[in-house]
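Here's the structure we're looking at; comments come further down.
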Amino acid sequence: MAFTYEANRSICKYVHSTSRGHEAIQLATAFQLTTADWVSPYYRDESLLLGLGFDPCELMLQLLAKADDPFTGGREYYSHPNYRGNDKPSIIHQSSATGMQVIPTTGVAQGLKYLQAIKSDQLKKTSEGQSPVVVCSLGDASITEGEVSEAFQFAVLKKLPIIYLVQDNNWGISVSAEEARVMDAYEYAGGFPGMHRIRCDGSDFTEAYETMQHVIDHVRTHQQPYLVQAYVPLLNHHTSGVRKEFYRTAEDLEKHFKDDPFPKLHQLCLQQGIAEEVLQQINSEAKQRVTDDFEKAVAAAEPDVVTVAEHVFVPTPVTEEKGERSPADKEKIMMVDAALFAIRELMEEYPEALLYGQDVGKRLGGVFREAATLAEQFGDHRVFNTAIQEAYIIGSTVGMSAIGAKPIVEVQFADYIYPGFNQLVTEISKSSYLSCGKFPVQTLIRVPIGAYGGGGPYHSGSVETTLLSIKGIKVVYPSTAADMKGLMKAAFHDPNPVVMLEHKGLYWSKVPGTEEAKTAEPSSDYIIPLGKGRVVLQADDELIDEGETCCIITYGMGVYWALAAAKQFDGAVEIIDLRTLFPLDEELIFSTVKKHGKCLVLTEEQQNNSFAEALAYRITYNCFQWLDAPVEVLGALNVPAVPMNMALEEAVLPNATKVRERLWKLFNV
């Protein structure tokens, strides 16, 4: 196939890699996997895919980005598969980011072990009744990625049934092993006690097959992680665009070609008594199959551009508010308890649900006690601590979701979500879109956020604008106990990734003026659809008719600054709590602004280039003819962090006084 692509470079115009030189280890692996297993190929694993049973035409349809590309509908590079079916191993969405697949794939193994622990009927076993295994394929150069270490740590700690198949061709694009790393994958794995490891000649089919047979049998039986380092030659270009002649010497290429697996396999077949004529016939038939399939792929239809926005999300079952928001017989509860009660009810109803993150386990139950008592009730296998590894906490939910678990995870503070952004952006947000809806990621990521009481520059940040720049995730921001519970239930049931931002200053209503964050506990079936705002305070109808009112569009702590400021304006202010920042309740926003003609968008974030400023533009664009004044925006000062000194903190943040001053400005335009 590589020769066909090279002979048709003008047609094969999209960047691609081929498996030339890696064929033996890939086929040796593929031939031993069952339909119960999971595998994550990387971008040079076309032979592995062929060995699993995909035909050349299917791969070529992706190569040429055709409409019938069975993996991504023309959205992804060659050899970037995903697959759900009963005839082959399953494959979660595969990205191009080197090493990034290791965490999601380890999450698959984590999920399989969890299903086994709860004796779930979702756990699929082999035809012989054996446990499934997970294979994660990667190159040796990717071992230097920090996120690979996070995955290895977790796999060893939890004894997960995963095989890390490292194909070592001594190159990382133009960087040789000697230039880039002080140890290879096998040596590196030695630093993780409990990681079994083995080396083999990946260009020798017999050795590769016997090695993988031993490793797969061991992992099936003992459910422990294993690393295989297979030495292979790189006989083709790194990619079609980064060509071997750009950086490799004739001596290096000659050395690699000595280990070409095809002549080795040819000789083995002869030794096994297969006649030369038979081998030539097989070779001729394969070439003809490739030629015919390539012609079919070239003639196939291009994608319909009308479909380009499909599959960003899959439909959610939660479309309307249900249940009782304010039962008469219920006492008021704090937001932190609303979160705890919501998760407790979800875990009681759904055995697939589990909670993990830093310090959420039995001893502490979260630094804000938001998970207190959950581990005692549900056990350490369902509620547990992780190491300080935000990338794994977030990225593992890709694999967990794929096998049917329902993960709720927590990042301890919003300021520390950034190490998890690789996974959130590269893996989670794109999975549904690039798998054409086959692998949406059902995950609820809890993130305590916001400033109060001298939290300092690394525990007080707001990150919503950064999150909202990522397409393919939903962002929720409750401001009352009732909304916390109703939105958390909706976020859990949403089959798409949801980040729930929970303001630390509202958890216990300790901040003066936030007592209304405490509400009666809603009923257990209470749920609020994402994307629906709430009218917190209505303006007086007579003042509206006289054109003497304005509205505040806000969320989180802004709701309470707005309420305090509105007391000075006696019915002239209407307040909208967005509750969900994406999807956004534009219908409520625009209708409210049109009703009042004056609008203030209030946020806790630093103002410049913020979500709030972008929202102000959208309001202006959609409501321009109804506006009596420019849309105002009030946020924090544009400094890099919130200072720890409480006087400085107050100077940076909005407050009721600053909101009141901005309202006076609006009313006096």
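Partner of E521 under the salt bridge (charged side-chain N to carboxylate O under 4.0 Å, His left out) criterion, out of R344, K485, K332: K485 alone.
Sequence neighbours left out, the pairs with a member in residues 458-481 that pass salt bridge (charged side-chain N to carboxylate O under 4.0 Å, His left out) are K474-D494.
Using the six-membered ring where Trp is involved, F154 and Y356 have ring planes that are tilted, between 30° and 60° apart.
For D69 and T72, the side-chain atoms include at least one donor-acceptor pair closer than 3.5 Å. Inspection of the Q116 and S131 side chains reveals an N or O donor paired with an N or O acceptor under 3.5 Å. Between the side chains of Q358 and E390, at least one donor N or O lies within less than 3.5 Å of an accepting N or O. No donor-acceptor contact under 3.5 angstrom links the side chains of E516 and T480, judged on distance only. With hydrogens and angles left out, the side-chain atoms of E502 and Y507 include a donor and acceptor closer than 3.5 Å. A donor-acceptor pair shorter than 3.5 Å can be found between the side chains of E321 and Y526. Using modelled atom types and a 3.5 Å distance limit, the side chains of K159 and Q223 yield no donor-acceptor pair.
For the atom pair CE of M488 and CG of L444, the computed distance is 5.5 Å after rounding to the nearest 0.5 Å. With values rounded to the nearest 0.5 angstrom, S431 atom OG is found 7.5 Å from N82 atom CG. Distance check, rounded to the nearest 0.5 Å: OG1 of T554 to CG of D577 gives 7.5 Å. The distance from the CD1 atom of I553 to the CG atom of L588 is 7.0 Å, given to the nearest 0.5 Å.
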For this session: Decide yes or no on side chain to side chain donor-acceptor pair (under 3.5 Å) for Q153 and Q389, but give the supporting numbers first.
Result: CA-CA 10 Å; Q153 287 273 3; Q389 43 184 211; over 6 Å; no
For this session: Dump the intermediate steps for side chain to side chain contact (heavy atoms under 4.5 Å, CB included) on E586 and N622, then the final yes or no.
Result: CA-CA 10 Å; E586 292 187 344; N622 287 277; 5.8 Å; no
For this session: Show your reasoning for whether side chain to side chain contact (heavy atoms under 4.5 Å, CB included) applies to L615 and I589.
Result: CA-CA 10 Å; L615 178 56; I589 294 168; 4.2 Å; yes
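For an aromatic pair to be called close, the ring centres must be under 6.0 Å apart, and F71 with F54 satisfies this.
T580 places no side-chain N or O within donor-acceptor distance of the main-chain N or O of P583, the cut-off being under 3.5 Å.
In this structure, S610 and E605 approach most closely via the heavy-atom pair CB-OE1, 4.3 Å.
Other residues, nucleotides and ligands contribute more than 12 heavy atoms inside 6.0 Å of the CG atom of D87. Around atom NZ of K532, no more than 12 heavy atoms belonging to other residues, nucleotides or ligands sit under 6.0 Å away.
Using a cut-off of 4.0 Å between Lys/Arg side-chain N and Asp/Glu carboxylate O, K330 and E324 are scored as not salt-bridged.
Between W38 and T105 the shortest side-chain heavy-atom distance does not fall below 4.5 Å. Side-chain contact between H93 and K438 is absent, with no heavy atoms from C-beta onward closer than 4.5 Å. Side-chain contact between M500 and P478 is present, with at least one heavy-atom pair separated by less than 4.5 Å.
Under the ring-ring contact (aromatic ring centres under 6.0 Å, His included) criterion, H459 pairs with F413, Y416, sequence neighbours left out.
Note that K158 lies in the cation-pi zone of F384, set by a 6.0 Å cut-off to the ring centre and a 45° limit from the axis.
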